[in-house]
Every structure is written in structure tokens, then in C-alpha cells.
Amino acid sequence: MSKQNGTKVVTGVVRLSYANVWEPTSINGSNPKYSVSLIIPKTDTQTIDAINAAVDAAIKEGAAKFGGKIPNKAALKLPLRDGDIERDDEAYKGAYFVNANSTTAPQIVDRAVQPILDRGEVYSGCYARVSLNFYAFNSNGNRGIACGLGNIQKVKDGEALGGKSSAADDFTTEPDEDFLS
């Protein structure tokens, strides 16, 4: 299920939110990046434990960025956050979340590991497994562990997040009136 290689984690089934996975997006004037918020059910202890272990490994690997010492974890910005505390959003209830990003496009595949080409297939609200890589950062006085976005495997549809409705939800099929007569 959740393979781990030091700082790399492949999650269990998570829900995608704020999914900017097809085109890089600039947030607050930053360099454009591919990004997604992963909503991880608190019941998925395997993924949560794997993330915590990868964060610990990234702290050890990143000691040089912290002046050669391994800092107290409480002094660092950590990627795994509590949705019940930090988000006033039903989708994040009973869940942790991590925000992952990358300057390179993730490979996006279906359950059979075949590339998904239809951009409408992967969206905020669908469920996926995601590969992540955790790494240390120390810039402008911010120190911590960041989460790099690897690849995405969509496993099932879910209710779209973000309040955007589909055309099918907005309109009914009108009986064809003979407008040419």
C-alpha cells in the first residue's frame, strides 16, 4: 500500500483539493507551480505514519540547511496539518492535509496506470493516490519541511469541491423547438 523510501511516500486513497495539476499556477506572484492539497482521512494511519517518518527523515537529511544541527521539530514549519483546526471547510473535517507542489508536471494516470489525457477527469474532489517527496527548506527565516508533488493515480470520482457546478447541473435539455420555421 504505502511504499516508503526515506523521504518519499505513496499515499493511500486521498481526496484532491485546490488541484492545479494540469497547468502551473502562480500563487501570490510566486513562480508558477503545479500544486494540490491532499485531504487525508485521520483513519488512514498508514499514510499518516509514513508521512511523519518521511518528515523525520527529511529533517535528518536537511540538517545542513539548519546549520548542521537537527532542530527541535516544534521550531519548524511542518507539512502535515490538521483540517479540523486549520480549515473551516466540511471537506477537511476528520482529516489531515498536506499541500504539495512541483515546478514539473506530475504524471497523471488511471487505476491501470494508463495516462489520463482528459483534463476533466482529475479535479478537486476526486480521489487518488499520490507520490510525495519531503525535503528541508530554510529561506528568509522560514525553516521547515516542504512537500514535493510526484505523480497522481486517480482511483475514483468524488463530488467536486470549490462550488463550481457543471453545465449538466446548470441546464436541462430543452425540447427541440423548430426554430427554423
Side-chain angles (χ1 to χ4, degrees), residues 1-3 7-52 54-55 77-135 137 144-172:
M1 176 103 188
S2 197
K3 289 186 288 242
T7 59
K8 182 176 180 179
V9 172
V10 175
T11 69
V13 176
V14 298
R15 193 164 186 203
L16 305 185
S17 180
Y18 300 101
N20 296 302
V21 297
W22 297 107
E23 293 289 331
T25 305
S26 173
I27 296 170
N28 301 329
S30 65
N31 287 338
K33 291 182 181 168
Y34 298 89
S35 61
V36 64
S37 182
L38 305 179
I39 303 173
I40 306 161
K42 288 185 176 177
T43 54
D44 184 356
T45 54
Q46 194 172 0
T47 294
I48 292 159
D49 291 348
I51 289 172
N52 283 322
V55 166
K77 283 186 131 154
L78 299 173
L80 188 63
R81 297 166 47 196
D82 190 328
D84 290 319
I85 296 169
E86 295 195 43
R87 288 279 193 269
D88 185 21
D89 182 334
E90 273 306 307
Y92 286 79
K93 294 270 182 274
Y96 289 106
F97 68 98
V98 294
N99 296 323
N101 60 63
S102 173
T103 53
T104 57
Q107 289 180 34
I108 302 173
V109 298
D110 63 17
R111 292 179 77 103
V113 197
Q114 295 304 305
I116 293 177
L117 303 176
D118 176 356
R119 293 181 174 211
E121 277 291 304
V122 178
Y123 53 89
S124 295
C126 76
Y127 293 85
R129 294 176 48 213
V130 181
S131 62
L132 306 170
N133 189 49
F134 295 88
Y135 58 93
F137 68 87
I145 302 301
C147 179
L149 174 61
N151 299 305
I152 298 170
Q153 180 184 38
K154 180 185 175 182
V155 294
K156 69 179 181 182
D157 285 310
E159 187 180 332
L161 297 175
K164 187 166 170 30
S165 60
S166 72
D169 292 338
D170 288 348
F171 307 112
T172 58

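What you see is a predicted model; the values in this text were computed from it and never measured.
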>> Among Ile152, Val109, Val155, which residue satisfies the side-chain contact (heavy atoms from CB on, under 4.5 Å) criterion with Arg129?
In response: Val155

>> If I take atom CG from residue Asp44 and atom CD1 from residue Ile39, how far apart are they, to the nearest 0.5 angstrom?
In response: 13.5 Å

>> Restricting to non-hydrogen atoms, name the atom on Val36 and the atom on Ser17 that form the minimum distance, rounded to 0.1 Å.
In response: CG2-O, 3.5 Å

> Any idea which heavy atoms bring Ile145 and Pro79 closest together, and the distance?
Replying inline: O-CD, 3.4 Å

> Is it true that atom NZ of Lys77 has more than 12 heavy atoms of other residues, nucleotides or ligands lying nearer than 6.0 Å?
Replying inline: no

Got a list of side-chain donor-acceptor pairs under 3.5 Å for residues 120-127, not counting sequence neighbours?
unit_1 : atom_1 : unit_2 : atom_2 : d
Glu121 : OE1    : Lys154 : NZ     : 3.2
Tyr123 : OH     : Asp157 : OD1    : 2.9
Tyr123 : OH     : Gly158 : N      : 3.1
Tyr123 : OH     : Gly158 : O      : 3.0
Ser124 : OG     : Tyr18  : N      : 3.1
Ser124 : OG     : Ala19  : N      : 2.9

>> Is there a side-chain contact (heavy atoms from CB on, under 4.5 Å) between Leu38 and Leu16? Walk through the geometry before answering.
In response: CA-CA 5 Å; Leu38 305 179; Leu16 305 185; 3.5 Å; yes

>> Quick one: does any side-chain atom of Thr47 pair with a main-chain N or O of Thr11 as donor and acceptor, under 3.5 Å?
In response: no

> Does any non-hydrogen side-chain atom of Asp89 lie less than 4.5 Å from one of Leu161?
Replying inline: no

> Do Ile108 and Val21 have side-chain heavy atoms sitting under 4.5 Å apart?
Replying inline: yes

>> Using side-chain heavy atoms (C-beta onward) and a distance below 4.5 Å, is Lys33 in contact with Asn20?
In response: no

> Can you name the closest pair of heavy atoms from Leu149 and Pro106 and give their distance?
Replying inline: CD2-CG, 4.0 Å

> After noting the C-alpha distance and the side-chain angles of Asn99 and Arg81, does the key distance pass the side-chain contact (heavy atoms from CB on, under 4.5 Å) rule?
Replying inline: CA-CA 9 Å; Asn99 296 323; Arg81 297 166 47 196; 3.5 Å; yes

>> Does any part of the side chain of Val9, heavy atoms only, come nearer than 4.5 Å to the side chain of Phe134, both counted from C-beta?
In response: yes

> Can you list every pair that meets salt bridge (Lys or Arg N to Asp or Glu O under 4.0 Å) and has a residue in residues 98-118, with sequence neighbours left out?
Replying inline: none

> Can you tell if the side chain of Leu132 reaches within under 4.5 Å of the side chain of Val98, non-hydrogen atoms only?
Replying inline: yes

>> Can you confirm whether Gln107 is buried at CD, in the sense that more than 12 heavy atoms of other residues, nucleotides or ligands lie under 6.0 Å from that atom?
In response: no

> Could you go step by step and tell me if Leu78 and Leu80 meet the side-chain contact (heavy atoms from CB on, under 4.5 Å) rule?
Replying inline: CA-CA 6 Å; Leu78 299 173; Leu80 188 63; 5.9 Å; no

> Can you check whether Tyr34's main-chain N or O pairs, donor with acceptor, with Ser102's side chain at less than 3.5 Å?
Replying inline: no

>> Can you pull out every ring-ring contact (aromatic ring centres under 6.0 Å, His included) where at least one residue sits in residues 82-113? Sequence neighbours excluded, please.
In response: Tyr92-Phe97

> At their closest point, which heavy atom of Asp82 faces which heavy atom of Asp84, and how far apart are they?
Replying inline: OD1-N, 2.8 Å

> Out of curiosity, Thr43 OG1 to Ile48 CD1, how far, rounded to the nearest 0.5 Å?
Replying inline: 7.5 Å

